[in-house]
Amino acid sequence: MPSSSAGTLATVVVACSVTAAVTFYLTATAAERKVLAEKKRQYERDLELKEKTIAARKLSGEPTGEVIDDVTVDKVYLWNIEDLKKRFTPCNIENVMRNKASTTTNPYYFPSMKKSASNDSMAELSDGKPTPYNKLITNHECVLGEIVRKPNQQPYTHGYVRAGPRRLLHFDPAKVNAAIVTCGGLCPGLNNVIREIVNTLSQTYGIGGKIFGIQGGYNGFHDFEHYRPVELTPELVANIHHEGGTVLGSSRGGFDLDKILHFLKSNKVSCLFVIGGDGTHRGAFRIHEGCMEQGMNVAVAGIPKTIDNDVDYIDRSFGFESSVEAAQVAIRSAKTEAICNMPNGIGVVKLMGRSAGFLAGHATMASGDVDLCLLPEVPIVLDGEKGCLPHLRKRVKEQGYAVVVVAEGAGEDLLGVSAETDASGNKKLPAIGTHMKQEIEKYFKEKGDIATVKYIDPSYTVRSVPANASDSLYCMQLGQNAVHGAMAGFTGFSLGRGSGSSQMHVHLAHFQFTPRGAPVLQSFARDQLTVQVQESGPHGTTVPIKYLQPTTSGKTLGCYKCPAGGHKQSLRAITENAIAKATLLAKSALDPKCIMRYYISVFLPNVTYPLPTCSIPEKQLRKLHNQTAGLFLN
């Protein structure tokens, strides 16, 4: 075949191939466009149908969404709180915002600026007309405790009393005196809460009495030589929210129930606001009980305070986010030290967190620079396949440095539990930070390496900072709702944010500052049922309740907090009688769990952890108690 013919044939073949390819591409593209167009039309039809269905349901009042048959809530069990209106005659004054103007000049104005208006001018500017609330809370409005529901879950849940202003007041604002006290350690936002309570009482409710600021914690109710109560006004607290700490000062201990009740009586205090942690709240509950026993018409409101965020029932405690933010400075400093100090730089940061690692954990996740985080909830494994030290060495070899964050309560499984306690009864914690530093240096040396470890302990600096914007808003809500609850006649309650964003009241009897999900009581054998309780200490001292048997030595059953004001009898005397009773009842072959629950409820009523349910009839236990009455305290 001539070369020209061969070339022509090749050209024709190529042209046919290109034409076929283009035809196939265009056909496929057209088909794809057709499918996409059909999907779009179907989507538009479905969307139109959905919108019409929603519109129809709105017109009929029917809720929108898919009906789920296996997730239901048939009953809500409301955790009621003490209501003074059931014991005392309420004033039943309609609740409105009184918008009371300040009566004195703000001392914090800047001299370079125009001075604030005089009292006469202020009176002219303010019409003093009450403003109704946009929303008033009704009796059965509540916040559900379990908002996450699972298929086939039990069709009931519990609810907390929703916080907020009520329609009718229990106290007449014109006759109200109030007191505010801060106890325990510092926390960002304390001044914010104080300021908001004062402003709400003075301006929103326009109370006619005084607001006493109790200095130095519970000591300030009676130790007037060192702590004198101050009268708080909106002008005095105008700018305190910009500072850390508490303007009232704080201390541990000093609880004397009789003297506190005497102060409340002599100064005709109607509302007491207690800001503090677990020991402080137990004291507040004792004050509430004392007021009820003596027929005192006083509302006691608690506001939980802890940077550890280990408060049950609420989503978070105020000051926690500010502390997490403050911890970032220490973590960034540790990273800088680790990077710049060669060879094998490692920065170790110890953060607060006695029984719960929320602060250390959240600070770690917020930072994004931490290679190892140690928490109290997780046992520490140093060496081995899943050990901390091999992991650290691996990270150092990969990036040249490493950062470690450890909570102060971690490592008790390594260093043991201390028997010593501080003034509030909190056990002293082992020095886990310095221990980790030493272990890291030792491990690297054993591997023929050198580790340059820098240890940073920000300690109290993370809790003494002012509240950030988020915590400031939260503190404002807590202060306002504490006043709303007290003026409505609620008492013996604490409050916080639960189920996402709603404020709620919780009875102080239910309030616990324990790690979420912490184990409660261990079962125990019947043989040699014995109790071991240490002697009473300062208010808030943790007293372990233990049993002894041949195979188990000193297993802790629960913890008992020494009540405010101490005991009429010492814990030693109570223990001796409890041991006698437990030994005697154990011989009756009854369920030892029920025996333990019964005698603890008789002699040690303030046990922090819930005890096993008693399956033995109360009548039978009381009969045994009466038969052995000579052995026990009344």
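Since this is a predicted model, take the numbers as computed values, not measurements.
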Side-chain heavy-atom pair P343, T452 within 4.5 angstrom cut-off: yes
A284 backbone acceptor or donor facing H288 side chain under 3.5 Å: no
Gap separating the CD1 atom of I197 from the CD1 atom of I180, nearest 0.5 angstrom: 4.5 Å
Sidechain-backbone polar pair: S250 side chain, G185 backbone, donor-acceptor under 3.5 Å: no
Pair H158 and Y160, ring centroids less than 6.0 Å apart: yes
Short N-O contact, R395 and D371, less than 4.0 angstrom: yes
Note, I275 side chain near I194 side chain (heavy atom, < 4.5 Å): yes
Main-chain N/O of V462 paired with S323 side-chain donor or acceptor, under 3.5 Å: yes
Flag side-chain contact, heavy atom, 4.5 Å: Y474 against Q477: yes
Any I432 side-chain heavy atom under 4.5 Å of I380 side chain: yes
Side-chain donor or acceptor of T306 paired with backbone N/O of G277 under 3.5 Å: no
Rounded distance (nearest 0.5 Å) linking atom CG of L359 with atom CZ of R354: 13.5 Å
Check: N191 main-chain N/O paired with T246 side-chain donor or acceptor under 3.5 Å: no
Heavy-atom closest pair, residues F318 and P188: CD1-O, 3.2 Å
Pair E321-V324, side-chain contact (heavy atoms from CB on, under 4.5 Å): steps then yes or no: CA-CA 5 Å; E321 290 189 353; V324 171; 5.5 Å; no
Pairwise side-chain contact, P234 with Q203, heavy-atom cut-off 4.5 Å (strictly under): yes
Under 3.5 Å donor-acceptor, D308 side chain and D310 backbone: no
Steps toward side-chain contact (heavy atoms from CB on, under 4.5 Å) verdict (V237, N199): CA-CA 9 Å; V237 301; N199 287 340; 4.2 Å; yes
Within-4.5 Å side-chain heavy-atom neighbours: V143 and V161: no
N/O donor-acceptor pair under 3.5 Å between H222 side chain and G254 backbone: yes
Residue pair C388 / L374: nearest heavy atoms and the distance that separates them: SG-CD2, 3.7 Å
Inter-residue atom distance L190.CG - H241.NE2, 0.5 Å rounding: 14.5 Å
Short side-chain to backbone donor-acceptor contact, Q215 and G220, under 3.5 Å: no
E441: which of K437, K445, Q438 passes side-chain hydrogen bond (donor to acceptor under 3.5 Å, both in side chains): K437
Closest non-hydrogen atom pair, L264 against I287: CD1-CG2, 4.1 Å
No-hydrogen, no-angle side-chain donor-acceptor test under 3.5 Å, H226 and D223: yes
Pairs flagged by salt bridge (charged side-chain N to carboxylate O under 4.0 Å, His left out) wherever residues 326-351 is involved - sequence neighbours left out: K335-D369, K350-D457
Test: K397 and D449 ion pair at under 4.0 Å: yes
Non-hydrogen side-chain atoms of V370 and V404 separated by less than 4.5 Å: no
A467 to N192 - nearest heavy-atom pair and separation: CB-OD1, 3.8 Å
Heavy-atom closest contact (V406 atom, G433 atom, distance): CG1-CA, 4.3 Å
G302 backbone acceptor or donor facing S494 side chain under 3.5 Å: yes
Euclidean distance, L478 CG relative to K305 NZ, rounded to 0.5 Å: 13.5 Å
Criterion side-chain contact (heavy atoms from CB on, under 4.5 Å) on R316 and D471, from CA distance to verdict: CA-CA 10 Å; R316 69 178 175 92; D471 275 326; 2.9 Å; yes
M476 side chain reached by L473 side chain, heavy atoms, under 4.5 Å: yes
Residues T280, Y218; criterion side-chain contact (heavy atoms from CB on, under 4.5 Å); working and verdict: CA-CA 9 Å; T280 303; Y218 284 133; 3.6 Å; yes
S251 side-chain N/O to G216 backbone N/O, donor-acceptor pair under 3.5 Å: yes
Aromatic ring pairing F320/F358, orientation class (parallel under 30°, perpendicular over 60°, tilted between): perpendicular
Interatomic distance, N219 atom CG to R252 atom CZ [nearest 0.5 angstrom]: 12.5 Å
Euclidean distance, N309 CG relative to D315 CG, rounded to 0.5 Å: 9.0 Å
Least distance between heavy atoms, A327 atom then A363 atom: CB-CB, 4.0 Å
